[in-house]
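The chains referred to below are lettered A, B, ... by the order of the sequence lines, with proteins before strands, and numbering in each begins at 1.
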There are 2 protein chains.
Amino acid sequence: MKVAEPTIERLVQYHRLLETLREEGHRVVSSQQIGEMLGFKASQVRKDLSYFGEIGKRGVGYHVGRLCDHIVEILSSPRVWRIALAGVGNMGAALLSNTAFRSSKMRFEALFDADPEKIGREISGVYCWNYTEMPTVMAEKKIEVLILAVPARAAQSCVDLAISSGMLRGVLAFTQGTLVVPGDILVVRVDILAELEKLLFFLKQPEAVLE
Amino acid sequence: MKVAEPTIERLVQYHRLLETLREEGHRVVSSQQIGEMLGFKASQVRKDLSYFGEIGKRGVGYHVGRLCDHIVEILSSPRVWRIALAGVGNMGAALLSNTAFRSSKMRFEALFDADPEKIGREISGVYCWNYTEMPTVMAEKKIEVLILAVPARAAQSCVDLAISSGMLRGVLAFTQGTLVVPGDILVVRVDILAELEKLLFFLKQPEAVLE
């Protein structure tokens, strides 16, 4: 099944909302209500969900529990992803201490840093290695996913080390600037400054379209 | 001029790339090259830029300096935005210490936290207030933009305090969960866990489309 990136982002949000609605004891929800709570158009919600075979009942809506289970299944993971975090600064520490990242889908297997104060210690229960050991440690531990939270100037060399492990398949990158990777490695960027610039742009010209 | 959200995200990326190319002394660049470096289709690049009146010369491309200046102008800010940061934990500290956030477009005017260790002190040169003082401090300092980096359970009440200042126009939110705000307040979310979930989804089914 082909799924475009923006759809997946919305699917993750539907999932969170439906979990909350289920916990609160709601049994049905309309596309209108979902749209209002998440800031999407109701027609977008219907389109997204019908793509996955979910058709709401006219005048009633969707069955919260069933829809939630269905989305969980779509988003489910065939295994626990083994993750490394490169860069244990403020941003890295924020991710490590966020319990939401300790899910059944993923496990932090190794940390990497250049700071001698951090190397050789456990941080939030995960061992921190010298970043120069990325190729061997990532290969030994079969780590396929790298979260990159190093300074911009270190980003490319860090990714290159991870690539040379032969295991790397995906990168979540917090660094600005271009990363060059082979075509079979996926990169998803979280560009916080770009998001802030976007907000300021829309504040200066309110007639622009924030979708 | 109506500009959709994904276009602005790409515009911010074009800008960064062009600044780098200019610094490196490049004079022209093709839509093909821009696309390859940023991971977009060349046709998308041409479409985006032509929307702003920039037409590349066939077989030559765009003039780096002129294109860069044009995009700077589109993204430019009519003033320095006055920003408050609520929540000076790891995530908040990461933003405060990132020099990229100290630009001519924005200035951190106040920090807010609930931690007595932080309240009444300057952190990275910005004074930290008790979050209960948000309504008065934001009104006095005319702060229109709030960066929200508080725990999920505190997010809504924090936004409500900011709204009651009467000054709030936009929020950059790092918190998961739904935020309810009046229709005239813009909310841009940075949902890191959702980005990671997206990456894992695309890793499990490589036939999906990462655009």
Side-chain angles (χ1 to χ4, degrees), chain A residues 1-6 8-9 11-13 16-17 20 37-39 74-75 77-78 81 89-91 93-95 97-98 100-101 105-106 144-145 147 169-172 176-178 186-211, chain B residues 1-6 8-9 11-13 16-17 20 37-39 74-75 77-78 81 89-91 93-95 97-98 100-101 105-106 144-145 147 169-172 176-178 186-211:
Chain A
M1 180 182 273
K2 273 182 169 277
V3 187
E5 188 174 349
I8 290 302
E9 294 196 20
L11 216 52
V12 171
Q13 295 192 50
R16 293 227 188 97
L17 176 65
T20 307
M37 285 184 275
L38 295 177
I74 294 166
L75 293 174
S77 199
W81 294 95
N90 282 316
M91 179 61 74
L95 303 182
S97 64
N98 187 335
F101 284 81
K105 276 187 205 175
M106 56 189 107
E144 295 178 307
V145 179
I147 299 183
R169 291 188 57 212
V171 180
L172 185 74
Q176 287 138 32
T178 321
L186 289 179
V187 177
V188 167
R189 285 176 172 287
V190 182
D191 191 333
I192 296 170
L193 188 59
E195 296 295 329
L196 183 55
E197 287 228 33
K198 189 168 78 182
L199 176 66
L200 300 182
F201 178 85
F202 283 101
L203 287 178
K204 91 169 169 171
Q205 44 186 53
E207 76 273 25
V209 187
L210 192 66
E211 275 164 345
Chain B
M1 181 183 272
K2 274 183 168 274
V3 187
E5 188 174 348
I8 290 302
E9 294 197 19
L11 218 52
V12 171
Q13 294 191 49
R16 292 227 188 100
L17 177 64
T20 308
M37 286 184 275
L38 294 177
I74 295 167
L75 293 174
S77 200
W81 293 96
N90 282 316
M91 178 62 73
L95 303 182
S97 63
N98 188 335
F101 283 81
K105 275 187 204 174
M106 55 189 108
E144 294 178 307
V145 179
I147 300 182
R169 291 188 55 212
V171 181
L172 184 73
Q176 288 138 33
T178 320
L186 289 179
V187 178
V188 167
R189 285 175 172 286
V190 181
D191 190 335
I192 297 170
L193 188 60
E195 297 296 329
L196 183 56
E197 287 228 33
K198 188 168 79 181
L199 176 66
L200 300 182
F201 178 84
F202 284 102
L203 287 178
K204 90 169 172 172
Q205 41 186 54
E207 75 274 23
V209 187
L210 193 64
E211 279 164 344

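With rounding to the nearest 0.5 Å, the separation of CE in Met106(A) from CG in Leu196(B) is 4.5 Å. Taking CD of Glu197(A) as the reference point, atom CD1 of Ile8(B) lies at 9.5 Å (rounded to 0.5 Å). Atom NZ of Lys105(B) sits about 10.0 Å away from atom CZ of Phe201(A), to the nearest 0.5 Å. Atom CG in Leu172(A) sits 8.0 Å away from atom CD1 in Ile192(B) (nearest 0.5 Å). Distance check: Ile147(A) CD1 to Glu195(B) CD gives 12.0 Å after rounding to the nearest 0.5 Å. To the nearest 0.5 Å, the span separating CG on Asn98(A) from CG on Leu193(B) amounts to 7.0 Å.
Here the closest non-hydrogen pair linking Met91(B) and Ala94(A) is N-CB, 3.7 Å. Considering all non-hydrogen atoms of both residues, Val12(B) and Ala194(A) come closest at CG1-CB, 3.7 Å. Shown here for Ser97(A) and Asn90(B), the closest heavy-atom pair between the two residues is OG-ND2, 3.8 Å.
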Discussion item. Is there a side-chain contact (heavy atoms from CB on, under 4.5 Å) between Lys198(B) and Leu186(A)? Walk through the geometry before answering.
Written reply: CA-CA 11 Å; Lys198(B) 188 168 79 181; Leu186(A) 289 179; over 6 Å; no

Discussion item. Quick one, Leu199(A) with Trp81(B), criterion side-chain contact (heavy atoms from CB on, under 4.5 Å). Give me CA distance, side-chain angles, the key distance, then yes/no.
Written reply: CA-CA 11 Å; Leu199(A) 176 66; Trp81(B) 293 96; over 6 Å; no

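The greatest number of non-hydrogen atom pairs below 4.5 Å with chain A, out of Leu75(B), Leu38(B), Leu200(B), is found for Leu200(B).
Contacts of Thr20(A) with chain B are absent, with no heavy-atom separation under 4.5 Å from either backbone or side chain.
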